[in-house]
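The structure appears right after this line, and notes come after that.
Just so we're on the same page: letters track the sequence lines, and every chain starts at 1.
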Amino acid sequence: MSYLEYTVKTVPSGWRKVLYLNWPLIILLTAVACVGFLMLYSVAGGELQPWAEPQMERFGLGLAAMFVTAMVPIWLWRNLSALIYLVSLALLVAVELFGAIGMGAQRWIDLGFMRLQPSELMKIALVMALAAYYDWLPMKRVSRPIWVIAPLILILAPTFLTLTQPDLGTAILLMTAGGLLMFLAGVHWAYFAVVIAAAGGGIYTVFLSRGTPWQLLKDYQFRRIDTFLDPSTDPLGAGYHITQAKIAMGSGGWTGRGFMQGTQSRLNFLPEKHTDFIFNTLAEEFGFVGGFSLLVLYVLVLVFCIVAALQNRDRYSSLLILGIGLTFFLFFAVNMSMVMGLAPVVGVPLPLVSYGGSAMLVLMIAFGLVQSAHIHRPR
Amino acid sequence: MRRTPRDSAESSRRMTRRGLLLGGAQIAFAGVLGLRMRHMQVDQADEFRLMAEENRINIHLIPPARGRIFDREGKVIAENEQTYRITMRREDAGDVEDVIGRLSALVDLRPEDVTRALEEMRTSPPFLQVTVADRVSWDAISRVAVNAPALPGVYPEVGLSRFYPQHETFAHVVGYVGPVSERDLARYEDPEPVLRIPRFQIGKVGVEAKFEEQLRGSAGAKRVEVNAVGRVMRELDRREGEAGADLQLTVDSDLQDYIKARLGEESASAVVVDVEHGDVLAIASSPSYDPNKFVRGISTGDYGVLRENNHRPLASKTVQDAYPPGSTFKIVTALAALESGLIHPDETVYCPGHMEIGSRRFHCWKRSGHGHVNLEQSLRDSCDVYYYDLALKVGIDRIAEMGRKLGLGTAPDVPMSAVTAGLMPDRDWKRRERGAEWRIGDTVNASIGQGYVLTSPLQQAIMVARVATGRAVEPRLVRSVGGLQTPSRGGPPLDIDEAHLKLIRKAMFVVSNSRRGTAYRSRIIAEDMRLAGKTGTSQVLNRVVRNQDVPWEERDHALFVNFAPYEAPRIAVSIVVEHGGGGSSTAAPIARDITLQALYKGTPPLDAYPAGDRGRIKEQQEQLAAERARRAAEAGRRA
């Protein structure tokens, strides 16, 4: 979509753009955020401080950022994609170096009003970069090995950097989102089949080697993996938290124990009740009805993204929207699996609900991109 | 780079396909999450709810107040006193060291308590109350209360602890309580949770231990909500416990107290039994100890002193020690002979001072001999040869049977610790336990209460009570439990000819009231109070020397048993003075004084005593009164 094309087509301009925003999506996001405010208010024992109010302020800020982002034409964002990716990568390297030199374990950059984690930024930057790459790449080259290596580098560089932080959750998120984006862009099935088979085979071999003379890992490493995969083998450490989280969730029952009546969270049995495990507070106090409602909201956000992406005839826009939807999905799917005891605890927040500044802001900007793509779609 | 339309269409189709596929997969995964949620929150909800409740609800036990113990007149023997302790909570205190410093300026704190408390506070959660000083005085507590503003985080606490207001008097009877030990817990298959309350006290010995279940009561409980680190958030509900049952004993504090004073420093024991119901009016071992010291945790030094004393203050001699009964056993031998029908009371036996049996010569205590003696004279003079003769005629089995009938050889059923059965030997016993045949010499020794025969002072008192009443009197120590009377233990009639019993009683009367009787000097002259008794001297070492010439440990035990009044027996008394020398010289005067004290329920009038003794008795009574007053004052000061 060139500037010429952009202007001659009946794309809204000026304040009229506001009317063309994807309003249902905005309402859904606000609803999700409101669930977050409510729970943060509850876990603070019925107080706006210390969590609910800052969270509201950040959401307001995020909403503003989303609008600003949405007003900027999508082709401008596409042209900036590579730059944003490089800046993010540079920031990631920078905090890695500073963190190593003498700023302690600091993984953020202080912006004054909030702390920005480059790894959060990278989640969006990677999606933008890949979408721009595949928008540029002619379809018939997509599956050629030489053109597959470039995006792999784009994905693995930040993955490696976050892994060394160490932030396993983000690394997994980046790698999965990047891989799936390549899949969406049309890279041949065979590549994925090979990677999955190789990874599966490798893991299988490692586990098969356990207890044999050619054992590939040390015993303590195996034990660490055991604890990671099944925390109940370490009931006083990692197992304690996940057990308490499951108790909180299960004891909610159908309709929950009532607003601010959750004993597990109120009496601090629940760990990280305002961040990673906030979903358990919701499930404890509002039961299956409450938890499932939030899940439905998330799925609706996802559906709106997919519909918006498939409506959009611009390749960059489609890939970008699908990629952002995917990132959003990975956030809540990993978090929920984790707090329900389906997946190991890796420290992924519940999007828009968990207390936290960077993640919220970055996610809102991402949805700003979705809105921009939606407003400026070719008609 | 511009795309060709074909390329664009192909790309768009492929992306739509893959987008829908991936979108479908995402929604499917969300479905899985929903199912998992349903499984946990609907199917397993009850399980998790229970776990959540277990998490948050703690049950705190409220210790019950222990039942009190009274004597027969309602005087307190054991009660619960309020004890005060000072506790501290770190989070309220702020600067702990500073507060403790100010506290020790107000109250005497032992340095080791302070270090222990500081250590405990450092290692325990900040909201936990730590005891700084236990059993502090009311004075100290009020000083702490007045200065509360300057002592943040310091809290006075009140608790209940056992207290024995009569101190030494009933130590051997009621025993004492102490904190539950691991060994106590091991005794129970499934120990009650109340036993695990810190510093909970249970009966360790004596009545306190035997009636533990009745005295303990049942614990109350309060359910509290706690948070993850164990801090109590609020009380949900509480159920008050039930206090333990009060016990009333049959003992008489005044009599027991008198006996304690009368026994003085002797290593001795005295038992007074009411013959009608078997009530134990007094049961005293001397010397004694203060059970309160054990409740508070006796120091090793104090305990060592008690352990090493050769008068054995810790031993409950009345029930746990068995002595050769000596001549008091002649009552049994004589009754056995009468019941066998093999002798006639008027038949005489010639006593030349000894008797040849087989190749051995058995001596009478009187080397010159008693001449011709009949049954009554044999008891009066305590002639040994007469009983050697009876023993040969009657045999050990009949004697043992009579002994058992009179309560010897089995442990009396009293709720005290380490009650001995004594020993009533016969042929079977010796074969079984010693692997040897019974010899005629054994019978001869047994007939005068030497050799294998062993009896406890309580058994002796029961024996006399049975002779005095002809009924199978059993000792009753507890009169009522929780207001519920225990049945009389006067017992059914013994299968003994009343005429034979009368002969024995008459002979015992003669012992004390005939000018030639061995206990004549310790008689009572008040017409309706006269006693009938029997002296006994049991040899500690088998040799003939004068007691004054050997060390205390080797002297003979002095024994005396009696009942009184002779015409209508009310009480039976048994005295043992360890290494006291002769029964008539040492034990009989004590028995007489105790008998009078019991019969008059207080200091007896001097005219109950023989005229010649009154001056000396008056002096003794005054001394004892002064002594008891002094002890009472001392006890009052300690309390």
I need the minimum non-hydrogen distance between A:L322 and B:G19, along with the two atoms involved. CD1-CA, 4.2 Å

Which one, A:N268, A:V142, A:V296, A:L267, leads in non-hydrogen pairs under 4.5 Å with chain B? A:L267

By ring-ring contact (aromatic ring centres under 6.0 Å, His included), which residues pair with A:Y298, not counting sequence neighbours? A:F328, A:F332

Any chance you could measure B:L33, atom CG, to A:L294, atom CG, to the nearest 0.5 Å? 11.0 Å

Would you check if the side chain of B:R18 reaches a backbone N or O of A:F183 as a donor-acceptor pair within less than 3.5 Å? yes

Engaged part of A:R266 at the chain B interface, taking heavy atoms whose separation is under 4.5 Å: side chain

Tell me which of these, B:L50, B:N227, B:N55, has more heavy-atom pairs under 4.5 Å with chain A than the rest. B:N55

Write down the atom of A:K246, the atom of B:R36, and the distance for their closest heavy-atom approach. CE-NH2, 3.9 Å

Using a 6.0 Å cut-off, check whether atom CD of B:E213 has over 12 heavy atoms from anything other than its own residue. no

Would you say the side chain of A:M249 lies within less than 4.5 Å of the side chain of B:F48, judging by non-hydrogen atoms? no

Is any side-chain heavy atom of A:L180 closer than 4.5 Å to one of B:L22? yes

Straight-line distance of A:I247 CD1 to B:M51 CE, nearest 0.5 Å: 4.0 Å

What's the separation between atom CG in A:L342 and atom CZ in B:F29, rounded to the nearest 0.5 Å? 7.0 Å

So what's closer than 4.5 Å to chain B heavy atoms on A:L326: side chain, backbone, both or neither? both

B:R14 side chain vs A:G186 backbone, donor-acceptor pair below 3.5 Å: yes

Those residues at least two apart in sequence (or on a different chain) that pass ring-ring contact (aromatic ring centres under 6.0 Å, His included) with B:Y84 are B:W138

Does atom CZ of B:R116 have more than 12 heavy-atom neighbours from other groups under 6.0 Å away? yes

Taking side chain as everything from C-beta outward and backbone as N, CA, C, O, which of these in A:L184 sits under 4.5 Å from a heavy atom of chain B? Side chain, backbone, both or neither. both

For the atom pair OH (A:Y134) and CE (B:M15), what is the distance rounded to the nearest 0.5 Å? 12.5 Å

Please look at A:F329 and chain B and tell me whether the side chain, the backbone, both or neither of the residue comes under 4.5 angstrom of a heavy atom of that chain. side chain

How close do A:W254 and B:V42 get, heavy atom to heavy atom, and via which atoms? NE1-CG1, 3.5 Å

With rounding to the nearest 0.5 Å, note down the distance linking CD in B:Q26 to CG in A:L302. 4.5 Å

Max heavy-atom pair count under 4.5 Å with chain B, selected residue of A:G256, A:A185, A:A283, A:C305: A:A283

Checking A:V303 against chain B: side chain, backbone, both or neither under 4.5 Å from a heavy atom? side chain

At their closest point, which heavy atom of A:F288 faces which heavy atom of B:Q41, and how far apart are they? CA-OE1, 3.0 Å

Does B:E97 CD have over 12 foreign heavy atoms under 6.0 Å away? no

More than 12 foreign heavy atoms under 6.0 Å from CD1 of B:I27: is that the case here? yes

Looking only at heavy atoms, the pair that brings B:A52 and A:T263 closest together is CB-OG1, 4.4 Å

Pick whichever of B:M37, B:R56, B:R17 has the most heavy-atom pairs under 4.5 Å with chain A. B:M37

Using a cut-off of under 4.5 Å for heavy-atom pairs, which of A:A309, A:G325, A:S337 has the most such pairs with chain B? A:S337

Please check if the number of heavy atoms outside B:E53 that lie under 6.0 Å from its CD is greater than 12. yes

Part of A:A248 lying under 4.5 Å from any heavy atom of chain B: neither

Residue A:A333 versus chain B: region with a heavy atom under 4.5 Å: both

Most contact-rich option vs chain B, by heavy-atom pairs under 4.5 angstrom, among A:M336, A:Q264, A:R257, is A:R257

Could you give the distance from CD (B:E47) to OG (A:S251), rounded to the nearest 0.5 Å? 12.0 Å

